[in-house]
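Remember, it's 1-based here, ligands and their atoms both numbered in the order they're listed.
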Amino acid sequence: MQNDPAGAEIQINKPTPIKSSTAFTSFVRGTDIQEMIDRLLQGGNVLIEEFYSNGLELLSELQTYLRRKHPGQGFQEQRAYRSEYRKLSSLVLIEIKDHQLAVKKAPSIGWLEKLYPESNDFLLTFPEVQGLNSAWQWYLNGVVVPVLRNKIHPYYGVYFPTRFEHLQLFDNWLKRYDGPKKSAIDVGIGSGILSLQLMKHGFQKSFGTDLNPNAIVGLQESMKGTKLAMKIELDYGHLFGKWIKPTELIVFNPPWLPASHDLGRLDEAIYYNEGLFPEFFQEAKKRLLPDGRVVLLFSNLGQITNVAKENPIEKELADGARFELDRFFKKSVKQASSKTRRNQHWRDTEEVELWVLKHKD
Ligand SMILES: C[S@@+](CC[C@H](N)C(=O)[O-])C[C@H]1O[C@@H](n2cnc3c(N)ncnc32)[C@H](O)[C@@H]1O
């Protein structure tokens with residue numbers, strides 16, 4: 001638990017610890033793997049012991065088994081495969097003792113201490129530990145973002161970009177922006193990239209929000225004791241959170257795809273509910289200074305994959321009541337490598353977009 005800037009407690013999202021007294025069958029080297037898979041199929045837990053690689057081996061055998069069971073390449077069958085893998089692999093457990101995995105040759109995962117400071121002995125599922133491990137590598141090594149001078153170190157459970165064309169569009173726009181640079185609101189600040197771009201281009205202050213608690217806690221931690229802590233203020237909340245004072249710039253890199261299911265925390269970086277954009281524009285209208293600009297980063301991904309009927313920003317402009325278009329830029333997205341391109345022809349037409357809106361006269 002950590003405090004938000006106003007002193008209230010923020011509960012970080014993390015895998016839920018499982019009691020170490022949970023019943024399980026042990027898996028060590030030489031254990032009959034088919035027997036273990038049968039155990040999982042009956043709904044029993046299997047605890048990985050001795051070596052970390054035992055867990056990797058069991059999950060790999062489980063995948064082979066399930067691929068044989070669901071051999072079809074069709075959408076439904078692949079979905080059935082993934083859903084059964086998710087269910088069965090979550091029965092494979094591993095013990096954490098004194099903030100370390102209690103097996104030999106295991107990766108050292110700093111999140112175990114940071115996220116569970118008070119828990120000394122508990123279990124997590126093996127896939128959760130794999131997720132924590134890869135997130136720790138990103139955090140430790142950092143991600144180079146071409147438009148920023150320094151790497152970002154994404155906190156556990158926080159969205160960070162892996163392609164950068166949209167950030168390039170924003171950077172190009174900021175280079176030419178000659179309006180006032182006193183303050184901006186960064187809605188859905190995530191790992192902080194847009195605010196860092198604002199600082200790079202001379203903005204004095206940014207007010208960020210996010211409804212993902214990990215984004216707020218992660219940024220608080222990374223800015224602690226640096227000059228940025230004074231320049232980027234944070235609020236854990238929906239859309240504009242507590243920021244009500246109008247600013248000259250509002251930036252939002254929203255989720256790019258309409259939701260067709262209930263959303264988990266990371267999903268909220270990718271999928272939007274029907275009401276999100278109308279509410280954003282309604283609230284942005286109140287918080288934008290008369291000569292200010294709203295900047296949205298978006299993509300045609302929803303439309304070219306046919307999951308979106310319309311572009312929610314175009315819809316707002318067509319409704320015509322609140323905002324009008326000031327500038328629009330787009331950039332095609334680098335094609336994915338040939339390996340991942342199978343069945344992804346839509347990628348050829350993928351474009352990211354930068355929408356700059358101003359108050360309607
Ligand atoms: C696509 S990510 C962009 C993150 C960051 N601004 C960037 O450009 O890398 C969208 C972010 O908005 C946040 N978000 C989604 N819906 C939100 C809402 N209603 N209020 C506040 N933040 C929201 C998500 O948690 C996520 O961090």
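- For atom 20 (N) of ligand 1, the nearest non-hydrogen atom from the set Val187, Asp235, Leu239 belongs to Leu239.
- The Gly237 neighbourhood of ligand 1 comprises atoms 20 (N), 21 (C), with distances under 4.0 Å to a heavy atom of that residue.
- The distance criterion of under 3.5 Å between nitrogen or oxygen atoms is not met by Pro255 with respect to ligand 1.
- In summary, the atoms of ligand 1 found under 4.0 Å from a heavy atom of Gly190, numbered by their order in the structure, are 4 (C), 27 (O).
- Two rings, from Tyr139 and Tyr156, have their centers 6.0 Å or more apart.
- Between His201 and Trp173, the gap from one ring centroid to the other reaches at least 6.0 Å.
- The closest heavy-atom contact to atom 3 (C) of ligand 1, among the options Asp186, Asn253, Leu211, comes from Asn253.
- In this pair, Phe323 and His359 present their aromatic rings parallel. The plane angle is below 30°, not in the 30 to 60° band.
- Contacts of Glu351 classified as salt bridge (Lys or Arg N to Asp or Glu O under 4.0 Å), with partners at least two apart in sequence or in another chain: Lys330.
- Only the side chain of Leu194 comes within 4.0 Å of ligand 1, judged by heavy-atom distances.
- Residue-to-ligand polar distances keep Ala269 apart from ligand 1: every N/O pair is separated by 3.5 Å or more.
- Identified under the side-chain hydrogen bond (donor to acceptor under 3.5 Å, both in side chains) test for residues 202-211, with sequence neighbours left out: Ser195-Ser206, Lys205-Glu233.
- By the 3.5 Å distance cut-off applied to N or O atoms, Asn212 is not counted among the residues near ligand 1.
- Checked against a 6.0 Å centroid threshold, the rings of Phe252 and Phe298 do not count as neighbours.
- The ring of Phe280 has its center closer than 6.0 angstrom to the ring center of Phe240.
- No more than 12 heavy atoms of other residues, nucleotides or ligands sit less than 6.0 Å from atom CD of Glu274.
- No N or O atom of Tyr159 sits closer than 3.5 Å to an N or O atom of ligand 1.
- Residue Leu276 approaches ligand 1 through these ligand atoms, each under 4.0 Å from one of its heavy atoms: 19 (N).
- In summary, the atoms of ligand 1 found under 4.0 Å from a heavy atom of Pro254, numbered by their order in the structure, are 1 (C).
- Distances from atom 13 (C) of ligand 1 to the heavy atoms of Ile193, Asp210, Val251, Leu297 show the closest one on Asp210.
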